[in-house]
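Only one structure is covered here, and it is reproduced in the block below.
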Amino acid sequence: MEPRETDSSQLLGRVFIWRNMAAKHNSGYEESNLYRIRHSAAHVMAEAVLEKFPEGKVAIGPAIADGFYYDFELPRALTPEDLEEIEGNMRRIIKGKHAFTRKELSADEARELFADQPFKIELIDGLERGGFDEDGNPTDEKQVISIYQQDSFVDLCRGPHVSNTAEINPDAIKLLNVSGAYWRGDEKRPMLQRIYGTAWEKAEDLQAYLWKLEEAKKRDHRKLGKELDLFSINDEVGQGLILWHPKGAKIRRLIEDYWGSEHEKHGYDFVYTPHVGKSQLWETSGHLGFYNENMYSPIEIEGVKYYIKPMNCPFHLYIYKSSIRSYRDLPIRYAEEGTVYRYERSGVLHGLTRVRGFTQDDAHHFCRPDQMPDEIDFVVEFSINILKAFGFKEFQAYLSTRPEKAVGDPEQWKAAEDALEASLKRHNLPYEIDAGGGAFYGPKIDFKVNDAIGREWQLTTVQFDFNEPERFDITYIAEDGQPKRPYMIHRALLGSLERFFGVLIEHYAGAFPAWLAPIQAEIIPIADRHLDYAQKIAAELREKGLRVHVDSRADRMNAKIRDAQRAKVPYMLIIGDKEMEAYKVALRKRSGEDLGAIPVEDFVQLALEEVAQKV
RNA sequence: GCCGACAUAGCUCAAUUGGCAGAGCAGCCGCCUUGUAAGCGGCAGGUCAUGGGUUCAAGUCCCAUUGUCGGCUCCA
């Protein structure tokens with residue numbers, strides 16, 4: 001799949017995208033004034049960079065979600081001080097009130113103009129051949145070669161731009177960081193320096209955006225994971241391998257319990273499969289052919305090679321194949337929290353969201369062709385309902401259709417794509433179609449959820465598979481007594497427990513709702529003489545199914561409140577003489593709300609209610 | 001993997017032009033017995049990521065390795 005231009009805009013992580021990105025596709029971002037401002041700011045930045053490095057080579061500089069970037073080849077690596085200087089010079093250029101002027105010219109004229117800019121020459125050659133725009137993205141339209149000039153800077157550019165640099169607010173721009181980026185995204189091509197910046201119409205918008213970046217930093221699951229003692233990653237263990245600490249593991253178990261009971265209720269059968277399988281298995285599945293570079297090297301025992309599984313499907317296929325299936329048996333839904341290992345390049349690893357060992361909440365559906373639309377509908381609805389329980393309210397769907405190279409009958413593809421799309425429509429989900437973006441073996445829907453501060457995260461994936469049923473030759477006996485090929489759907493709903501946990505930490509900023517909180521109530525005795533009573537209350541609350549802890553340290557009440565507050569425990573129960581006498585607890589919520597002394601049974605009722613409501 | 005930055009106590013961070021490795025929090029031991037976000041005192045805690053090198057002297061300078069972070073590419 002061609003990378004979306006906007007996928008490269010991530011400043012704070014790899015798997016989420018800001019809401020604006022979706023807006024870009026949906027609501028004419030490219031026609032907006034803001035887009036022009038950002039694209040123009042990129043040109044102004046390039047001017048400022050060339051001022052400082054006249055021998056520098058410029059590559060491309062588009063507007064992206066929330067900002068812009070420009071790629072350069074420069075004689076040395078840029079420092080943060082350079083960025084400040086460049087940013088200052090941008091303001092000077094902006095204040096010079098230079099007009100942006102457009103001119104069309106022939107390829108030869110353009111080549112002459114950009115004679116000392118090899119990247120531009122390559123783009124011009126591409127434009128002349130057609131099929132690509134000046135950012136190297138495929139296009140159907142025949143390209144006109146145009147240039148834009150402001151002040152001393154001329155760039156090969158399709159536009160559009162603002163008419164004058166004065167339309168860029170000098171108080172609403174900021175350069176954010178510099179990083180490496182391959183020319184045309186190809187690792188075999190030169191590594192360029194990319195400067196990311198952001199630009200807005202008003203200074204307040206910039207401030208709001210910077211605040212959002214700060215907020216995202218505060219919610220970073222790697223930071224919170226350490227502070228709240230949820231998980232760790234250790235060099236000695238290995239990169240991308242997660243150690244779940246007791247509190248993180250508790251949350252995981254709660255997620256798994258909920259996940260399991262919902263699957264139980266909705267017609268899934270649970271299966272367990274091994275962590276390794278013989279090389280023959282992976283040859284049959286095609287993974288050794290298509291996926292080899294992502295697999296861990298094989299282990300050889302008694303002359304037989306075993307691979308650690310990167311996916312669970314082949315095992316589920318053999319469970320299906322273990323007996324003859326009737327059309328009456330279908331649909332069959334096998335679910336497993338299957339732990340897989342994939343070799344990911346060291347540079348891509350990221351906290352919990354990109355790891356080398358992870359547990360997919362995997363399932364495979366086998367159904368008759370006529371059941372397929374219902375099966376899709378079911379999966380879509382089931383997924384959305386489960387995600388909603390975790391506080392996600394907004395979803396985006398991405399439907400990826402048949403690529404050029406694909407296995408399976410085009411008619412089947414069409415039917416599957418139509419079923420996927422129809423289901424999205426029925427459920428009123430906003431979606432985009434990524435034409436040709438499907439895997440070679442089938443079309444898919446990915447769901448992205450919007451978290452509490454509006455970032456998009458990819459979790460759910462529902463994929464059709466026209467390949468493996470064929471490769472493993474699975475069948476069911478149809479009404480006419482003849483074997484037929486079932487349809488197969490892969491789906492991971494939370495994605496992986498690791499990634500989901502990471503997203504959940506950021507979504508809730510570590511303040512898990514009562515039903516997920518590892519400790520729901522911290523009991524805080526004021527003085528030692530209240531300890532026995534505190535233990536008694538704790539036992540009673542545990543009896544009722546609440547997760548409580550008694551802070552029996554010799555510290556002062558204030559210190560205990562502070563610690564419980566920082567641990568983001570939902571309820572603090574303060575116990576002193578008054579409470580002891582009346583069999584009460586003084587309830588403080590982590591919001592800071594002080595509900596005063598209430599009878600123990602009242603607290604139990606309140607807490608159990610909130611747990612049940614998953615708020 | 002690639003480009004760049006970084007790596008000091010369990011955590012967050014100091015350490016001047018190369019000159020005896022420090023603080024707060026957490027931990028442990030005491031005292032205090034406490035009413036809604038840190039009570040007081042003491043003790044202990046370090047192969048300055050690892051391995052080389054330069055130097056009378058290296059946390060500090062140089063080289064390599066490992067890891068982390070920001071991106072690129074890829075993805076659950």
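Convention: sequence-line order gives letters A, B, ...; per-chain numbering from 1.
Atom C1' of U60(B) sits at a distance of 15 Å from the matching atom of G22(B), rounded to the whole Å. Between the P atoms of G70(B) and U54(B), the separation comes to 37 Å (whole Å). U12(B) and U68(B) are spaced 15 Å apart, taking the P atom of each and rounding to whole Å. Atom name P, nucleotides U73(B) and C13(B): the rounded distance is 30 Å, in whole Å. Taking atom C1' on both nucleotides, G42(B) is separated from U50(B) by 36 Å, rounded to a whole Å. As rounded to the nearest Å, A26(B) and A49(B) have C1' atoms that lie 22 Å from one another. Taking atom C1' in both G46(B) and A7(B), one finds a spacing of 15 Å when rounded to whole Å. For the P atom pair drawn from A58(B) and G51(B), the interatomic distance equals 15 Å after rounding to whole Å.
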Stepwise ring pair (Phe, Tyr, Trp, His ring centres under 6.0 Å) test for Tyr268(A) and Phe382(A) = CA-CA 12 Å; Tyr268(A) 280 92; Phe382(A) 185 59; 5.6 Å; yes

Just do the ring pair (Phe, Tyr, Trp, His ring centres under 6.0 Å) check on Tyr70(A) and Phe68(A) with the steps written out, would you?
-> CA-CA 7 Å; Tyr70(A) 213 115; Phe68(A) 58 90; 9.1 Å; no

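In the interface, the side chain of Arg345(A) is not paired with the base of C75(B) through any donor and acceptor atom under 3.5 Å apart. No hydrogens or angles were tested; on distance alone, nothing pairs the side chain of Tyr343(A) with the base of G1(B) as donor and acceptor under 3.5 Å. Evaluation of atom-type donor-acceptor distances gives a pair under 3.5 Å for the side chain of Arg354(A) against the base of C74(B).
In this structure, Arg222(A) reaches the C69(B) phosphate: one of its side-chain N or O atoms is under 4.0 Å from OP1 or OP2. Distances shorter than 4.0 Å separate some side-chain N or O of Gln239(A) from OP1 or OP2 on G67(B). For U68(B), the OP1/OP2 oxygens have no side-chain nitrogen or oxygen of His350(A) closer than 4.0 Å.
When the nucleotides C74(B), G70(B), G67(B) are ranked by their closest atom to the side chain of Ser179(A), G70(B) comes out on top.
With ring centers used as reference points, Phe315(A) lies under 6.0 Å from Trp282(A).
Under a cut-off of 6.0 angstrom, the local environment of CD in Glu293(A) is sparse, with at most 12 non-hydrogen atoms contributed by other residues, nucleotides or ligands. Residue Lys536(A) places its NZ atom among 12 or fewer non-hydrogen atoms of other residues, nucleotides or ligands, all under 6.0 Å distant.
Between Glu215(A) and Lys218(A) there is a salt bridge, since a side-chain N of the basic residue sits under 4.0 Å from a carboxylate O of the acidic one. Salt bridge Arg588(A)/Glu593(A): absent, no basic N to carboxylate O contact under 4.0 Å. Residues Lys217(A) and Glu214(A) are paired through a salt bridge, judged by an N-O separation under 4.0 Å between the basic side chain and the carboxylate. Using a 4.0 Å cut-off between a side-chain N of Lys or Arg and a carboxylate O of Asp or Glu, Arg189(A) and Glu122(A) qualify as a salt bridge.
If Gly495(A) and Val178(A) are placed on RNA chain B by their nearest nucleotide, the residue sitting closer to the 5' end is Val178(A). Residue whose closest nucleotide on RNA chain B sits further toward the 5' end, between Asp563(A) and Thr461(A): Asp563(A).
The separation between His490(A) atom NE2 and A76(B) atom P is 11 Å, rounded to whole Å. Rounded to whole angstrom, the span from the NZ atom of Lys448(A) across to the C1' atom of A76(B) amounts to 12 Å. Regarding Asp220(A), its CG atom lies at a distance of 16 Å from the C1' atom of U12(B), rounded to whole Å. Note: CG (Asp82(A)) to C1' (G4(B)) measures 12 Å, nearest angstrom. What separates CZ of Arg194(A) from P of C2(B) is a distance of 19 Å, to the nearest Å. Rounded to an integer number of Å, the gap from OH of Tyr196(A) to C1' of G4(B) is 13 Å. U68(B) atom C1' lies 17 Å from atom NZ of Lys223(A), rounded to whole Å. Between the P atom of U66(B) and the CG atom of Asp235(A) lies a distance of 12 Å, rounded to the nearest Å.
Leu459(A) comes within 4.0 angstrom of the backbone, heavy atoms only, and of no base. As judged by a 4.0 angstrom heavy-atom cut-off over every strand, Gln193(A) is placed among residues making no nucleic acid contact. Across all strands shown, Val355(A) has heavy atoms under 4.0 Å from base atoms, whether or not it also approaches the sugar-phosphate.
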Heavy-atom contacts, protein to nucleotides 5-10 of chain B, under 4.0 Å, summarised as B (base), S (sugar-phosphate only) or - (none) per nt, yield ------

What string of B, S and - do you get for nucleotides 33-39 of chain B, 5' to 3', when a contact is any protein heavy atom under 4.0 Å?
-> BBBBBBB

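Relative to the ring axis of Trp457(A), Arg499(A) does not place its NZ or CZ within 45° and under 6.0 Å from the centre. For Lys309(A) and Tyr341(A), the positive end is not near the middle of the six-membered ring at less than 6.0 Å and at most 45° from its axis.
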Writing each nucleotide of RNA chain B 5' to 3' as (, ), [, ], | or . by Watson-Crick or G-U pairing under 3.5 Å yields (((((((..((((.....[..)))).(((((.......))))).....(((((..]....))))))))))))....

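Formation of a donor-acceptor pair under 3.5 Å by the Lys120(A) side chain with backbone atoms of Ala59(A) is found in this model. A donor-acceptor pair under 3.5 Å is absent between the side-chain atoms of Glu456(A) and the main chain of Asn450(A), judged by distance alone.
The shortest heavy-atom contact between Pro314(A) and Leu281(A) is CB-CD1, 3.8 Å.
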